[in-house]
Amino acid sequence: MTDTFAARVREMNADAPASAFVEVFGCQQNEHDGELIRGMLADMGFGFTQDAALAKVVVLNTCAVREHAEQRVLGHLGAIGRAGGSPGRIVAVCGCMAQLENSQNTLKRSYGHVNLVFGPGDLARFPELLYTALTKGGRHFNQSDPTAPPEEGLPVLRAAPPRALVTVMKGCDNFCSYCVVPHTRGRERSRAPEAVLGEVRGLIRQGYCEIMLLGQNVNSYRPNPDSAGIRDFPELLAALASLPGDFSLRFMTSHPKDASDKLFSVMGAYGKIAPFLHLPAQSGSSRVLAAMNRGYTREHYIALTERARAAVPGLNLTSDIMVGFPGETEDDFGETLGLLEKVRFNSLFTFIYSPRPETPAANLDGVPPPEVVKKRFARLLETQKRIEATL
Ligand code: 5AD
Ligand code: SF4
C-alpha cells in the first residue's frame, strides 16, 4: 500500500526531481527516524538541499522532551516561514512534538505554512501522507497509533560508516511522571530478533563497525516468544555479539529498574560489546525518585552500579541527572551530589526540569525558584567536573 503511494510520488518526480530538506532535533532514535525519512524521500525520487527555501518538501523531525526543544523547533519553523518557498511546498512536522495535542494546536494557530503533521508512529505512512498533501492541498493533522508495530523494511539513508543506529524496541511504558515520551512514542513494542540480527549482519557487510542499538528502554525488550528462542535484551545482545566480523556493539538507554545481572554478565563475556553503560539515575534522593515514579531507590541504584562495575572490567558509566523537580529540597539535591561522589560517573548529561504537557508532574506544586535551580545546576556541573578531573 505504502509502496503504491511511494511509486505515485516517484512518478511525479520522474521528469524533474524535486528536492527535499530534512532537519532532525533530539535523541538518537530521532536521528535514526530521520535516516528513514531521508531513505523514503530518496526512494520517492527526491534529491536533497540544505536550503529549505529551495525545497519542495521540508521535514522537521522534532523533539518534545523539554520546552526548550520545542522552542528551538518553533524558532526554525518561523525562520523557514519567513524565508518563503516555492508554491505548493509541503512543510511537514513529525516526531515527538507532532504527536502532542498542545503542540498541534500551536502549529494550527500560529504556523499556517505547516501543512502536514504526523507523529512517530506514522513513519511508515509518510509516503501516503505526503502524496495526499501534495495532491490534495490543504492542511493535514494526524495522530499516530501508539500501538502501531515497529516498521520493517523501510528504505533508509544512513550516515556513512563507521557508526550505524539500529532500533531494537520502540516506545516506553514506564510513565516517569515528568516524561513526555510514553505520550509521544506510545507503548513498548519489540522488533523480532531475526529482523535485528538480519539488519546488523547487513550493516557489518557494508562496513559499519560501530553498531548502536536503540530503544527508549532496551532492557524491556520482549520479543514474541515464537521467534529465534531469544527472550530478552541480554540474549539478543549475546546473539549479536556472536556474529562474525570486526565490529563493536553499544546500546542505549537502560532503565535502572530493569537492568539485570544477566545484562552485565553478557557485557563482560563478549569482547564485541563495548564496556559502556548509560544508566540514567535522574536523582540521588529516594523521595524524589518515588515522586518521579522511577521504580528504584538510591540504594538500589548504587548497588546496581557496583554490580555492573564488578562484572564489566573498565566499565564506562554515564548517567542523566535532572535538577529542579517539583518538591526537590536542598537535602534532596545534596543526595544527588552525594550520588555523584559515590558512583563517580565517567560523564553526565545534566538537565533542568521542564514541565511537559500530558505528564502528571506538570500538575505538581513546589518547583524550586529559578535562581535556586540555576545555583543547583551550576553546583552539579562543578561537582561532576571535579570528579572527572580525578578519574
Ligand atoms: N525535563 C527535564 N529533563 C527531562 N528529561 C526527560 N524529561 C524531562 C523533563 N520533563 C531528561 C531525562 C532523560 C533525558 C533523555 O532527558 O534526564 O533521561
Ligand atoms: Fe525527544 Fe524523547 Fe522524542 Fe527522543 S524520544 S525525540 S528525546 S522526546
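Below, all heavy atoms of this structure are taken into account, side chains as well, without hydrogens, waters or symmetry copies. Atoms within a ligand are numbered from 1 in the order they appear, just like the ligands themselves.
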Listed pairs under 3.5 Å, donor-acceptor, residues 205-214 side chains, sequence neighbours left out:
from   : atom 1 : to     : atom 2 : distance (Å)
Gln206 : NE2    : Gly202 : O      : 3.4
Tyr208 : OH     : Ala159 : O      : 2.8

Distance under 4.0 Å to a non-hydrogen atom of Ser354: what atoms of ligand 1 satisfy this? 1 (N), 2 (C), 9 (C), 10 (N)
Given Val180, Thr253, Val181, Asp320, identify the one with the heavy atom nearest to atom 15 (C) of ligand 1. Asp320
Contact atoms of ligand 1, heavy-atom distance to Arg356 under 4.0 Å: 10 (N)
Mind checking what makes side-chain hydrogen bond (donor to acceptor under 3.5 Å, both in side chains) contact with Arg139, not counting sequence neighbours? none
Apply side chain to side chain donor-acceptor pair (under 3.5 Å) to residues Arg294 and Tyr178 and explain how you reach the verdict. CA-CA 10 Å; Arg294 290 289 288 173; Tyr178 52 79; 3.3 Å; yes
When the ring planes of His255 and Tyr296 are compared, do they come out parallel, tilted or perpendicular, using 30° and 60° as the limits? perpendicular
Using distance alone, decide if ligand 1 has a nitrogen or oxygen within less than 3.5 Å of any nitrogen or oxygen in Gln282. yes
What atoms of ligand 1 come closer than 4.0 angstrom to any heavy atom of Arg66? 1 (N), 2 (C), 3 (N), 4 (C), 5 (N), 11 (C), 16 (O)
Could you pull out, from Val323, Val65, Ile352, Thr359, the option with a heavy atom nearest to atom 8 (C) of ligand 1? Val65
Under 3.5 Å, is there a donor-acceptor pair between the Arg344 and Thr390 side chains? yes
Aromatic Phe5 / basic Arg8 pairing, under 6.0 angstrom, 45° off normal: yes
Where's the contact between Tyr178 and ligand 1, heavy-atom distance under 4.0 Å: side chain, backbone, both or neither? both
